[in-house]
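For reference, the structure discussed in these notes is given below.
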Amino acid sequence: MSKVKTAEEAVRLVKDSDVVAVNSSSGLCCPDAVLSALGARFAREGAPRDLTTVHPIAAGDMFGTKGVDHLAQPGMIACIIGGSYPSGPSSAEPPLIWQRILANDLRAYNLPSGVIFDMLREGAARRPGVLTKIGMQTFVDPDLEGGAMNDAARAAPIVQRRHFEGEDWLYFRPIAPDVAIIRASTADERGNLSFEQEGAYLGAMELALAARNSGGTVIAQVRRVAMNGSLRPHDVRVPGILVDVVVEAPEQLQTTATPYDPAISGELIRPLDSFSLPEFGVGKVIARRVAQELQAGWAVNIGFGISANVPRILVEEGQHGAVTWMIEQGAVGGVPLLDFKFGCAANAEAFVASPHQFAYFQAGGFDASLLSFLEVGRDGSVNVSRLSAVPHRTAGAGGFVDITSRAKRIVFSGNFNAGAKMRITDGRLVIDREGRIPKFVDAVDQVSFSGSRASDQGQQVTYVTERCVICLRGGRLVVTELAPGLDLQRDVLDQCSGALEVAADLRPMDARLFRPGPMGLSLIPAGA
């Protein structure tokens, strides 16, 4: 018997107070047609209501894929647990889910994406929950905020500290979904799912297992339906025995604002000269300096922001392939993409399920991570997850906490302050107008990364800006390099509200960074 139904038929399986888990990363793998039908049902009938929704990575975006915003109707969601949330320009109207969160009419939590996948895996195996160090001494820790995003959530904590085997741990209860909503490229009539046109698997298998083993329902949205027996078994990533309903949605986007790009799914290998290179300017200076921290042969995680341009620096410098890039959505190798397509990679060597990728990150098995910062505190702590003035400008922590908790080396990058007007002239940085918002502050608004814990663990942490390079040494921030053309006191020390020390061997940043054209970058072999 075929499992294919319309989206309207599928969402009738969702009941009041159900726990609904959604597999998505912004527009990537987002089952938007099913979420749209679920929201439309509520608008007509007032049901299902009081749902708990679980999103290890954001469901939807602000650029054409509504995702969770379909469900952000008063009374429909009682609780939302997300690794990240839809985000976008400060000038845009906040997504509906942010409006619900800020109005305090649902309980909202931001937990590390990898930990949420772990909670689902615990639910799938009927184990008692997650004991982990991930998130300790950050906003996830109940000694700080417990991941709560509003007063309603603070009144109902979901994270605890537990003492076990002589150590303190964070404890997260398992999640047992009543419904899992996932997406793939193709399903056969028995519900076997393949992902040949997707840019990731994310946690489709983990969500399906968690729902199935909890006696729940699995709804799979796909672009197309094939005859039974026509899918090769090695191509099936979620077997039909776990899938209850298939919804065909031929117009589903591949990822944010992208109908289809075969390079994202590995069906086409793009020539290297087809990738745009960063224009010369302050952002490129920062990305180049970050690239100088790398060694050939490393496996390197990369995040959103200025550091996302580092792979293109290596392409320009003839160093593509010297390191292997890894992103939390699951792509390994290739060239991570930018802007709307961030979270995808072109020419990837492999796609790994996100929960497996996070296990690799959480244990610090990789060599380095390149990430951005909003604020840096005097102890080296970093905030990337909350911008109080414009909450929807940031997506929350996502995988940042999983990635940084045990990473051997972290290179944070960003502009030294916000709002400065700058230019590069004759190989020198010129500041025409000073920024008004410091980024190096006494204490960050939210601790996404704990500098004190990093110091205790011996993590190697560097902060790269256009003006200077700063290292975390013995719990203190030390300026080690200064951009040509700047005055240390006027342009750096006087422009931050957090304490910075100056290295006795302070040296100028590499002059090649500030000249247009390739800089002749050469990465030394790992361990040399």
Side-chain angles (χ1 to χ4, degrees), residues 199 261 263-264 266 268-339 341-352 357 360-361 365-373 403 407-415 424 460 462-466 469 481 509-528:
D261 178 348
I264 286 176
L268 176 76
I269 303 301
R270 283 176 55 179
L272 287 181
D273 61 9
S274 71
F275 293 98
S276 62
L277 302 177
E279 294 184 3
F280 182 67
V282 167
K284 187 168 187 176
V285 167
I286 297 173
R288 281 174 161 181
R289 180 58 188 84
V290 171
Q292 289 182 316
E293 293 291 308
L294 302 175
Q295 295 185 23
W298 277 2
V300 180
N301 164 258
I302 195 165
F304 190 72
I306 289 174
S307 58
N309 271 311
V310 176
R312 293 161 192 258
I313 298 295
L314 266 59
V315 169
E316 182 178 30
E317 298 289 335
Q319 297 291 309
H320 174 69
V323 303
T324 301
W325 305 109
M326 307 177 63
I327 49 182
E328 63 194 62
Q329 286 79 3
V332 177
V335 180
L337 300 178
L338 306 174
D339 302 324
K341 298 180 182 180
F342 183 79
C344 302
N347 305 355
E349 298 173 21
F351 294 119
V352 176
Q357 195 87 301
Y360 184 48
F361 292 155
F366 59 113
D367 295 292
S369 184
L370 314 182
L371 300 165
S372 297
F373 65 81
I403 292 162
K408 302 178 186 74
R409 304 170 188 86
I410 308 170
V411 184
F412 294 111
S413 61
N415 290 328
I424 300 169
Q460 181 179 315
T462 304
Y463 311 80
V464 176
T465 77
E466 79 285 356
V469 177
E481 298 178 26
M509 294 173 70
D510 191 330
R512 297 175 300 166
L513 302 172
F514 297 86
R515 299 284 183 183
M519 60 178 289
L521 177 69
S522 180
L523 304 185
I524 65 172

Return the [atom1] to [atom2] distance between [X] and [Y], rounded to the nearest 0.5 Å.
X: Phe342; Y: Leu337; atom1: CZ; atom2: CG; answer: 10.0 Å
X: Asp510; Y: Leu521; atom1: CG; atom2: CG; answer: 9.5 Å
X: Asp367; Y: Met326; atom1: CG; atom2: CE; answer: 9.5 Å
X: Thr462; Y: Ile410; atom1: OG1; atom2: CD1; answer: 9.5 Å
X: Glu328; Y: Asn301; atom1: CD; atom2: CG; answer: 7.5 Å

Quick check: does any side chain N or O of [X] sit under 3.5 Å from a backbone N or O of [Y], one acting as donor and the other as acceptor?
X: Lys408; Y: Gln460; answer: no
X: Gln357; Y: Ile327; answer: yes
X: Asn309; Y: Pro278; answer: no

Practice problem: Test Leu370 against Leu294 for side-chain contact (heavy atoms from CB on, under 4.5 Å), laying out the working first. | Solution: CA-CA 10 Å; Leu370 314 182; Leu294 302 175; 4.1 Å; yes
With side chains defined as the heavy atoms from C-beta onward, is the minimum distance between [X] and [Y] less than 4.5 Å?
X: Ser413; Y: Thr465; result: no
X: Phe304; Y: Leu338; result: no
X: Gln329; Y: Phe351; result: no
X: Val300; Y: Thr324; result: no
X: Met519; Y: Gln292; result: yes
X: Trp325; Y: Val335; result: no
X: Leu268; Y: Asn347; result: no
X: Leu314; Y: Val323; result: yes

Exercise. Could you walk me through whether Lys284 and Ile313 pass the side-chain contact (heavy atoms from CB on, under 4.5 Å) test, one step at a time?
Key: CA-CA 8 Å; Lys284 187 168 187 176; Ile313 298 295; 3.9 Å; yes
Under the side-chain contact (heavy atoms from CB on, under 4.5 Å) test, which residues partner [X], sequence neighbours left out?
X: Ala350; result: Val332
X: Leu277; result: Arg312, Val315, Glu316
X: Pro525; result: Ala528

Quiz item: Can you name the salt bridge (Lys or Arg N to Asp or Glu O under 4.0 Å) partners of Asp261, sequence neighbours left out?
Solution: Lys341
So which heavy atom on [X] is nearest to which on [Y], and how close?
X: Ser307; Y: Pro311; value: O-CD, 3.8 Å
X: Phe366; Y: Ile403; value: CZ-O, 3.6 Å
X: Gln295; Y: Ala526; value: OE1-CA, 3.0 Å
X: Gly334; Y: Pro336; value: O-CD, 3.7 Å
X: Phe373; Y: Gly414; value: CE2-N, 3.3 Å
X: Ala291; Y: Leu523; value: O-CD2, 3.6 Å

Practice problem: Can you tell me which residue pairs pass the salt bridge (charged side-chain N to carboxylate O under 4.0 Å, His left out) test with a partner in residues 285-306, sequence neighbours excluded? | Solution: Arg289-Glu293, Arg289-Glu481
Quiz item: So Phe280 and Arg515, side-chain contact (heavy atoms from CB on, under 4.5 Å) or not? Walk me through it.
Solution: CA-CA 8 Å; Phe280 182 67; Arg515 299 284 183 183; 5.5 Å; no
Quiz item: Taking only residues two or more places apart in sequence, or in another chain, which ones meet Glu317 in a side chain to side chain donor-acceptor pair (under 3.5 Å)?
Solution: none
Quiz item: Relative to each other, are the rings of Tyr463 and Phe412 parallel, tilted or perpendicular (30° and 60° limits)?
Solution: parallel
